[in-house]
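Report on the following structure.
What you are looking at is a predicted structure, and each value in this text was computed from that prediction instead of being measured. Along the sequence shown, the residues carry numbers beginning at 1.
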Amino acid sequence: MRNRKFILLAVLILVLAMALGCKKSETANTETVAATTDTSTSSASTAVSATDTSGTTTTNPMTSSTTGTAMAVALSDDDKKFAMKTAEGNLAEASLGGMAASKTTNADVKAFAQRMQTDHTNANNELMAWAKSKGLDLPTQPNAEAQKMSDDLAKKNGAAFDKAYMEAMVKGHDKVVAEFKAEQKKAKDADLKAWVDKTLPTIEDHDKSAHDIAKKLK
């Protein structure tokens, strides 16, 4: 009997010991998992932070929106002034050419006017493309002086219109040729200078044709 009680006591002690051991093991595992989770969370937070920083650098709207502005500021005042004035001139020449082509009955004047429409529209498209690449906004309408000239010419017809139109073309192209030659010498932007070099011969040919036709109308 005494041995039996001893055996039962030993078994009870063994069960209690195993129970305590399991509890300690579970507690240690829980702490390990918690520590691992905290470490993973910290790593994930760091990764997100790094991603956010990278995203801010590459998609910052201020960076992309100021690129064009920076390029425009880099252009010299003379280059910007020339480009804006030339754009207005191209628009005016194309518009007046359209009017003249529809009003005149003179073959020479009509051919010249149609050429003004085509050449100055093409030239202005090229100039606009250059300006866009530099972040520069150019006029999209002729200036007030050109509009007044258009209004005055619209009131004339026949030979009077032809003479007034061609005289305006002579005066205008004389001035434009001089402006292009001046820009050739002082242009700071290499792309603009290349366009001026390319376009000047056409403007000079316009000027010569305008003089020749105007002489015939006197």
Side-chain angles (χ1 to χ4, degrees), residues 75 77-134 136-187 189 191-218:
L75 294 172
D77 289 340
D78 285 340
D79 283 355
K80 287 189 285 187
K81 182 178 179 181
F82 171 82
M84 297 183 76
K85 188 173 183 178
T86 300
E88 290 178 337
N90 283 330
L91 292 166
E93 293 289 359
S95 178
L96 291 174
M99 177 195 295
S102 64
K103 287 177 70 74
T104 187
T105 57
N106 182 293
D108 290 336
V109 175
K110 182 179 286 290
F112 179 86
Q114 291 172 336
R115 187 182 178 192
M116 293 302 98
Q117 279 185 291
T118 300
D119 289 355
H120 282 283
T121 296
N122 290 340
N124 205 53
N125 287 340
E126 293 173 353
L127 187 61
M128 286 288 187
W130 166 83
K132 184 177 181 180
S133 73
K134 306 295 178 178
L136 176 65
D137 292 327
L138 294 182
T140 57
Q141 296 293 332
N143 59 28
E145 182 180 354
Q147 187 57 54
K148 183 178 184 306
M149 180 186 298
S150 179
D151 293 341
D152 291 343
L153 286 172
K155 298 173 184 177
K156 302 180 183 295
N157 294 291
F161 172 83
D162 293 343
K163 184 177 181 180
Y165 172 67
M166 292 313 306
E167 286 178 350
M169 292 299 98
V170 167
K171 182 179 179 181
H173 282 83
D174 282 351
K175 185 176 181 180
V176 171
V177 167
E179 290 171 348
F180 267 65
K181 288 182 176 179
E183 182 65 14
Q184 266 189 322
K185 297 177 180 178
K186 65 183 181 181
D189 184 82
D191 295 327
L192 180 60
K193 185 180 186 307
W195 181 80
V196 170
D197 291 341
K198 171 191 172 184
T199 308
L200 179 55
T202 300
I203 301 299
E204 289 177 322
D205 193 48
H206 290 173
D207 192 35
K208 181 180 182 303
S209 295
H211 278 274
D212 292 342
I213 296 172
K215 287 178 181 178
K216 293 180 182 179
L217 297 177
K218 288 184 178 180

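- Residues Leu200 and Glu183 are not in side-chain contact: their nearest non-hydrogen atoms beyond the backbone lie 4.5 Å or more apart.
- Without hydrogens or angle criteria, Ser209 side chain to Asp205 main chain gives a donor-acceptor distance under 3.5 Å.
- Considering only residues two or more places apart in sequence or on other chains, Lys103 meets the side-chain hydrogen bond (donor to acceptor under 3.5 Å, both in side chains) condition with Asn157.
- For Phe180, the ring-ring contact (aromatic ring centres under 6.0 Å, His included) partners are Phe82, Trp195, not counting sequence neighbours.
- Of the N and O atoms on the side chains of Asp151 and Gln147, at least one donor lies less than 3.5 Å from an acceptor on the other residue.
- Every residue was checked against the side-chain contact (heavy atoms from CB on, under 4.5 Å) condition with Lys132, not counting sequence neighbours, and none meets it.
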> Given Lys156 and Asp152, is the salt bridge (charged side-chain N to carboxylate O under 4.0 Å, His left out) satisfied, shown in steps?
Replying inline: CA-CA 7 Å; Lys156 302 180 183 295; Asp152 291 343; over 6 Å; no
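- Partners of Asp174 under the side-chain hydrogen bond (donor to acceptor under 3.5 Å, both in side chains) rule, at least two apart in sequence or in another chain, are His211.
- Taking both residues in full, the closest heavy atoms of Gly97 and Tyr165 are given as CA-OH, 3.7 Å, listed atom of the first, atom of the second, then distance.
- Taking the side-chain contact (heavy atoms from CB on, under 4.5 Å) definition, one finds that Lys216 meets it with Asp108, sequence neighbours left out.
- Sorted by first and then second residue, the ring pair (Phe, Tyr, Trp, His ring centres under 6.0 Å) pairs with a member in residues 109-129 read His120-His173, His120-His206; sequence neighbours excluded.
- Residues Asn106 and Thr104 approach most closely at N-OG1, 3.0 Å, considering heavy atoms.
- Residues Asp79 and Ala187 come closest through the heavy atom pair OD1-CA, 3.4 Å.
- Shortest non-hydrogen contact noted between Leu153 and Ala164 is CD2-CB, 3.6 Å.
- Scanning all heavy atoms of the two residues, the minimum distance from Ala101 to Gln114 falls at CB-CG, 4.0 Å.
- Ala83 and Leu127 make their closest contact through O-CD2, 3.6 Å (heavy atoms, listed as atom of the first residue, atom of the second, distance).
- Between Glu179 and Lys81 there is no salt bridge, since no side-chain nitrogen of the basic residue lies less than 4.0 Å from a carboxylate oxygen of the acidic one.
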